[in-house]
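Naming convention: chains lettered A, B, ... in sequence-line order (proteins, then strands); numbering from 1 in each chain.
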Amino acid sequence: MTIHRTSNQVQTDSMATGTPPSDRETRSPAADANQSMDVRINGEPRSIPAGLTISDLLTHLDVRSSRVAVEKNRTIVPKTAHDKTPVEPGDTIEIVSFIGGG
Amino acid sequence: MPFDSGTNPNERALRVGAHTINSRLIVGTGKYKDFRTMRDAMEASGADMVTVAVRRIDLSAQGDENLLNWLPSNMTLLPNTAACFTVDEAVRTARLAREASMGDLVKLEVIGDDQTLFPDNQLTLQAAEILLKEGFTVLPYCTDDPIVCRQLQDIGCHAVMPLAAPIGSGLGIRNPYNLRIILEQATVPVIVDAGVGTASDAAVAMELGCDAVLMNTAIAGADDPVRMARAMRLAVEAGREAYLSGRIPMKLYATASSPIEGRIGV
């Protein structure tokens, strides 16, 4: 059972365990601004490393369930295309899953 | 398995499109105080189909505390489009649900009013048409209006799910006569969705001949949800058995159960 973690801890953990993408590991702490980009994820503005695919983004956000659906600019990105689809500056991303409902 | 044997189609498991549902009690997963209670209630209900809602994931709280980890793996997911007020929202939500669930089932809800949560039947028909073209198995939530139910059935919906009373109201089967008309003309399963408050309501729906009952609040909101889930399972089974038994007609006057002949002192 994984305990509840904040997003800051998540980033620290995934870097410590050496998960991809590789560009994150090679980046110095003083990474310059053009190595990150601004996107909107689930309605919130967010700055994320540049060059991520949808798969990378899910890893970056510590989304581990396979039962999620991702929209990029209102178009669904099928699971089979997650590792081929880049996240680009200004993208609006929605990541949804299931919760309790009637 | 009382519903899975026999050659009479009435006795078999419920079929919705290409899907087979063994339990005629379909339950929602919302409003439980914790996942453990929800899981225990699911088990007590005997349900093998559950409704779920589609929402943005909480990016600050990822981990194993995920609804799906608490559902048995053989449970069929029926994602809903709850809280959608437009055709566009409902269709978009259904498409996301299909991508996430890897299944084609959708409980289509297009809500017309946020106080009564009554469905907008016109928009529901429009959304259903789009989803049916895209290959979804569509179970629409609608009012207990025989005309709307027939229209939904005619465009190809795989079931109709008339409300018995407003969602979460617990008012019970408010219009059994409409349900009877809906049932008379139905060529697809009729599933009462919403309004059930206690076990007798579920039994009444099944005695009328409904194919299944879908409920959430009646179980999740009870003081003891696990016990109520069991009560609902028994009520749905009892109601179904009573329906299949062919009840006696109602009469105004008495008919003696004991014979007149052989009485003493006559």
Side-chain angles (χ1 to χ4, degrees), chain A residues 1-14 17 19 39-48 52 54-82 85 87 91-102, chain B residues 26-35 38 42 50-71 77-83 88 92-103 107 109 117 141 167-168 193-194 214-221:
Chain A
M1 186 84 35
T2 309
I3 54 163
H4 173 94
R5 301 185 294 185
T6 69
S7 54
N8 283 342
Q9 288 169 312
V10 167
Q11 284 179 359
T12 311
D13 283 358
S14 57
T17 54
T19 47
V39 294
R40 208 170 174 83
I41 304 175
N42 286 359
E44 302 281 330
R46 257 182 121 100
S47 185
I48 60 164
L52 300 187
I54 296 290
S55 295
D56 298 333
L57 177 67
L58 293 175
T59 306
H60 176 76
L61 296 170
D62 200 35
V63 176
R64 276 170 284 168
S65 171
S66 61
R67 304 250 228 177
V68 296
V70 180
E71 258 186 8
K72 175 182 161 168
N73 302 326
R74 292 200 55 138
T75 302
I76 289 177
V77 183
K79 289 187 182 69
T80 50
H82 281 191
T85 306
V87 181
D91 273 354
T92 297
I93 305 285
E94 294 283 349
I95 306 169
V96 302
S97 188
F98 295 119
I99 62 155
Chain B
I26 303 169
V27 294
T29 54
K31 296 188 178 176
Y32 283 95
K33 66 173 198 257
D34 53 51
F35 285 132
M38 182 203 72
M42 302 277 125
V50 292
T51 58
V52 290
V54 179
R55 291 292 180 273
R56 285 171 167 169
I57 61 168
D58 181 355
L59 294 172
S60 65
Q62 284 298 291
D64 288 345
E65 286 298 314
N66 179 322
L67 169 79
L68 299 177
N69 296 334
W70 288 86
L71 295 176
L77 294 185
L78 176 57
N80 68 30
T81 63
D88 180 59
R92 186 179 174 198
T93 302
R95 288 173 182 153
L96 285 165
R98 176 158 69 178
E99 166 64 18
S101 73
M102 296 164 278
K107 173 185 163 180
E109 296 180 53
L117 297 178
Y141 160 68
I167 294 173
D193 177 9
L214 195 166
M215 67 181 76
N216 190 148
T217 309
I219 296 175

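When atom types are taken as modelled, the side chain of A/Arg67 and the backbone of B/Ser101 share a donor-acceptor pair closer than 3.5 angstrom. At distances below 3.5 Å, at least one donor-acceptor pair connects side-chain atoms of B/Asn80 with backbone N or O atoms of A/Gly102.
Contact of B/Met38 with chain A is not made at all, since no heavy-atom distance falls under 4.5 Å. Residue contact with chain A, scored on non-hydrogen atoms closer than 4.5 Å, is absent for B/Ala194. The part of B/Leu77 that comes within reach of chain A is its side chain, from C-beta onward, which places non-hydrogen atoms under 4.5 angstrom from that chain.
Put simply, the side chain of A/Glu44 does not reach to within 4.5 Å of the side chain of B/Arg56, judged on heavy atoms. No side-chain heavy atom of A/Glu71 sits less than 4.5 Å from a side-chain heavy atom of B/Glu99.
Chain A forms the most heavy-atom pairs under 4.5 Å with one residue out of B/Val50, B/Val54, B/Thr29, B/Ile26, and that residue is B/Thr29. Ranked by non-hydrogen atom pairs under 4.5 Å with chain A, the options B/Gly30, B/Ala100, B/Gly28 are led by B/Ala100.
Taking the side-chain contact (heavy atoms from CB on, under 4.5 Å) definition, one finds that B/Thr217 meets it with B/Lys31, sequence neighbours left out.
Taking OG of A/Ser97 as the reference point, atom CG of B/Leu67 lies at 8.0 Å (rounded to 0.5 Å). From B/Leu96, atom CG reaches atom CD1 of A/Ile76 across 4.5 Å, with rounding to the nearest 0.5 Å.
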